[in-house]
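Each remark here refers to the structure printed beneath this line.
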Number of protein chains: 2
Amino acid sequence: MRWDSLEQERCSVARTVAVIGDRWSLLILRDCFLRVRRFEEFQSRLGVTRHVLADRLKKLVRFGVLRRAPYQQNPTRYEYILTQKGLDLYPVVMAIVHWGDTHMVDERGRPLLHEHKSCGKMFDPVMVCSECGEPIVAKQVHVHAGPGAAEGAAEEMAARATELSARAK
Amino acid sequence: MRWDSLEQERCSVARTVAVIGDRWSLLILRDCFLRVRRFEEFQSRLGVTRHVLADRLKKLVRFGVLRRAPYQQNPTRYEYILTQKGLDLYPVVMAIVHWGDTHMVDERGRPLLHEHKSCGKMFDPVMVCSECGEPIVAKQVHVHAGPGAAEGAAEEMAARATELSARAK
DNA sequence: GCATATAGTTCTAAAATAGAACTGTCAACT
DNA sequence: AGTTGACAGTTCTATTTTAGAACTATATGC
């Protein structure tokens, strides 16, 4: 499978992964949320090769996650700024940070703490249901085929449910 | 930079990315949350090469995201099941799904809908502050050096803040 | 004995990445 | 006028990773 074919898949994970599903894109994004904007700064902070950095920045711009904006003339130089589409990736980055904070820290503890300016407290991000506000756990979620599902997806899912209940016996 | 050196970094994003920061790991995880468990089923659903699939499953087991459990004897065969550490990745996967649903769907609409069994409604995942319950947006979050920060991180962050306010003038 | 099922491993060619050097533009110094 | 330095890339070769296909191992059922 190629990178490009991922974009075409009828799965929101696959399509998102086509944009940010590699190591460097995710680390670039992390830095964007820490207000890093310029090529040299990304490069020196990340240690990524210049070749790959240029490639990933282009890709993130192409997908509308970043925009390339001039910040000086003579010579014209550009910086990379999160668009709204990019800012909307904050929950993804925070979910990743929180899992790392929970499961991957060493004895020294968390590298960063996050303060919520609105309430003034140090916080953890929590994922909740938009309807009832309760925290979401995998076992409490049931999946249905949506309008954009592949043909036959509903049938497949029904078959899968039958098979799963059979296996559970 | 090598994969292994990422694990060592004092950054929760980098450490998490060392575990799940590649295309196939994220798609494998998606399928895990859809109750896929067996090698052949991952392979046929994902279209990943068997070589890479075996490699990624081993890695996810090594990091404690999945466990390899026998489900039959003669011959002994194994399936891959999410551990609690793996289940805790649900917010990451849901954040990715939600961004894809918001920004990457075509005219047909969402491929999948999610029902919250607890309240019975179709929902979107929302990331909120653990302290005040308000939704989190990037601009309302301020970052502090934590106990596990690199030496000099506090100073670096202060310098960065100064530089940013200077640039804003 | 032969086909089928499952979970891998092994092989070669193609693609991506690392690491280093190089390019182009302009300001500022000597 | 020439040299140095900053910045944002591009280009080059060597190494690593991935794709794609074939092969291995173990056991059941025909």
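We name chains A, B, ... by the order of the sequence lines, and we start the count at 1 in each one.
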If you check the [X] side chain, which of [options] turns out closest?
X      : options                   : result
W24(A) : dA5(C), dT25(C), dA18(C)  : dA18(C)
K58(A) : dG19(C), dT10(D), dC11(C) : dT10(D)
R77(A) : dA6(D), dG19(C), dT9(C)   : dA6(D)
P75(A) : dC26(C), dA18(C), dA27(D) : dC26(C)
R38(A) : dA8(D), dA7(C), dC12(D)   : dA8(D)

Report the distance from atom [atom1] of [X] to atom [atom2] of [N], rounded to the nearest whole Å.
X      : N       : atom1 : atom2 : value
L53(A) : dT10(D) : CG    : P     : 11 Å
Q73(B) : dT6(C)  : CD    : C1'   : 14 Å
E40(A) : dG5(D)  : CD    : P     : 15 Å
R50(B) : dT6(C)  : CZ    : P     : 11 Å
F39(A) : dT10(D) : CZ    : P     : 8 Å
N74(A) : dA8(D)  : CG    : P     : 15 Å
Q72(B) : dG8(C)  : CD    : P     : 12 Å
Q43(A) : dA18(C) : CD    : P     : 11 Å

Derivation and outcome, salt bridge (charged side-chain N to carboxylate O under 4.0 Å, His left out), residues R15(B) and E7(B): CA-CA 5 Å; R15(B) 288 175 185 157; E7(B) 297 171 42; over 6 Å; no
Aromatic Y78(B) / basic R68(B) pairing, under 6.0 angstrom, 45° off normal: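 Yes.
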Using a cut-off of less than 4.0 Å, is there contact between a side-chain N or O of [X] and OP1 or OP2 of [N]?
X      : N       : result
R68(B) : dA7(C)  : no
Y80(A) : dC7(D)  : no
K59(B) : dT17(D) : no

First of Y71(A) and V52(B) reached from the 5' end of DNA chain D, by closest nucleotide: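 It is Y71(A), whose closest nucleotide lies nearer the 5' terminus.
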Spacing of OG belonging to S118(A) relative to CD belonging to E131(B), to within rounding of 0.5 Å: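 That separation rounds to 12.0 Å.
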Pair E40(B) + R45(B): basic N to acidic O under 4.0 Å: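 Salt bridge absent between E40(B) and R45(B).
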Validation row, ring centre H116(A) to ring centre H114(A) under 6.0 Å: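 No, the ring centres sit 6.0 Å or more apart.
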Sugar-phosphate, base or nothing in reach of F42(B), heavy atoms under 4.0 Å: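 No contact.
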